[in-house]
Amino acid sequence: AELELLEYSLEEMVGKHISDFVPANDQQSVEEAIKHKDFDIKFGKPFERKFRKKNGQVIDVEICDAIIKDKTGRAMYILSSMQDISETVSYQKQLKSMLESDVLTSARNAQYFYTKVSDLIDEYAHVQKELTLMKIKVSNFEEIHNMFGHEKSEVLLAKLASFFTT
């Protein structure tokens, strides 16, 4: 399955190290994962990783592996299966973006603010720097909407968002 998924022939894969098939920025994490692999576990949990296809395209895959042991319990080899989850990962990123952004203005919304504010406070406390946060709420916007109409109020919101995000 991995041969077809990554578009390599068996001859092209034999003798290669797993890091030969991952993007350069993921190679160190792959090496660390291999170094710390717990060979006492019979079946590993599925995990996600990026792989590079023969044509250079990077895809997201889910890997599930099993340790095959001999009668003495010594690991003989790892049996793995890989599934391309690039489309799923792409949809997850789109959904997250939609949940964290206003549809009209594309500005980050309150959901994003509250999700990130805790991380920012921790990060700045760690480096002992001051942090200034600003949240803007446009009150009584319905009155503006009723007075000037839907299109003009949308333009105003978009301009406000643009002003504060640049």
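Since this is a predicted model, take the numbers as computed values, not measurements.
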Worked verdict on N146 versus E143 for side chain to side chain contact (heavy atoms under 4.5 Å, CB included): CA-CA 5 Å; N146 291 339; E143 292 177 25; 5.7 Å; no

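Counting only residues at least two apart or in different chains, salt bridge (Lys or Arg N to Asp or Glu O under 4.0 Å) contacts with residues 145-154 are absent.
Within the model, atoms CD of Q83 and SG of C64 stand 10.5 Å from one another, a figure rounded to the nearest 0.5 Å. Atoms CG and CZ, on L120 and F113 in that order, are 8.5 Å from each other to the nearest 0.5 Å. Note that CD of E123 and OG of S118 are 11.5 Å apart. Values are rounded to the nearest 0.5 Å. Annotation: the span from E7 atom CD to R52 atom CZ amounts to 13.5 Å, rounded to 0.5 Å. Rounded to the nearest 0.5 Å, atoms CZ (F141) and CE (M147) are 11.5 Å apart. To the nearest 0.5 Å, atoms OG (S86) and NZ (K50) are separated by 7.5 Å.
Put simply, the side chain of T88 does not reach to within 4.5 Å of the side chain of E62, judged on heavy atoms. Residues R74 and K69 fail the side-chain proximity criterion, which asks for heavy atoms closer than 4.5 Å. Side chains of L5 and F51 form no contact here, defined as non-hydrogen atoms less than 4.5 Å apart.
Residue-environment remark: NZ (K53) exceeds the threshold of 12 foreign heavy atoms within 6.0 Å. More than 12 heavy atoms of other residues, nucleotides or ligands sit less than 6.0 Å from atom CD of Q57.
A continuous path of ILVMFWY side-chain contacts below 4.5 Å connects Y8 to L10, so both sit in one hydrophobic cluster. Hydrophobic clustering, with ILVMFWY side chains joined whenever heavy atoms are under 4.5 angstrom apart, keeps Y114 apart from L99. A single hydrophobic cluster is seen to contain both F148 and L157, as judged by linkage of ILVMFWY side chains at heavy-atom distances under 4.5 Å, directly or through other members. Note: the hydrophobic cluster containing F21 also contains I59 (ILVMFWY, side chain heavy atoms under 4.5 Å, direct or indirect links). Under the 4.5 Å side-chain heavy-atom criterion for grouping Ile, Leu, Val, Met, Phe, Trp and Tyr, V61 is connected to F47 within one hydrophobic cluster.
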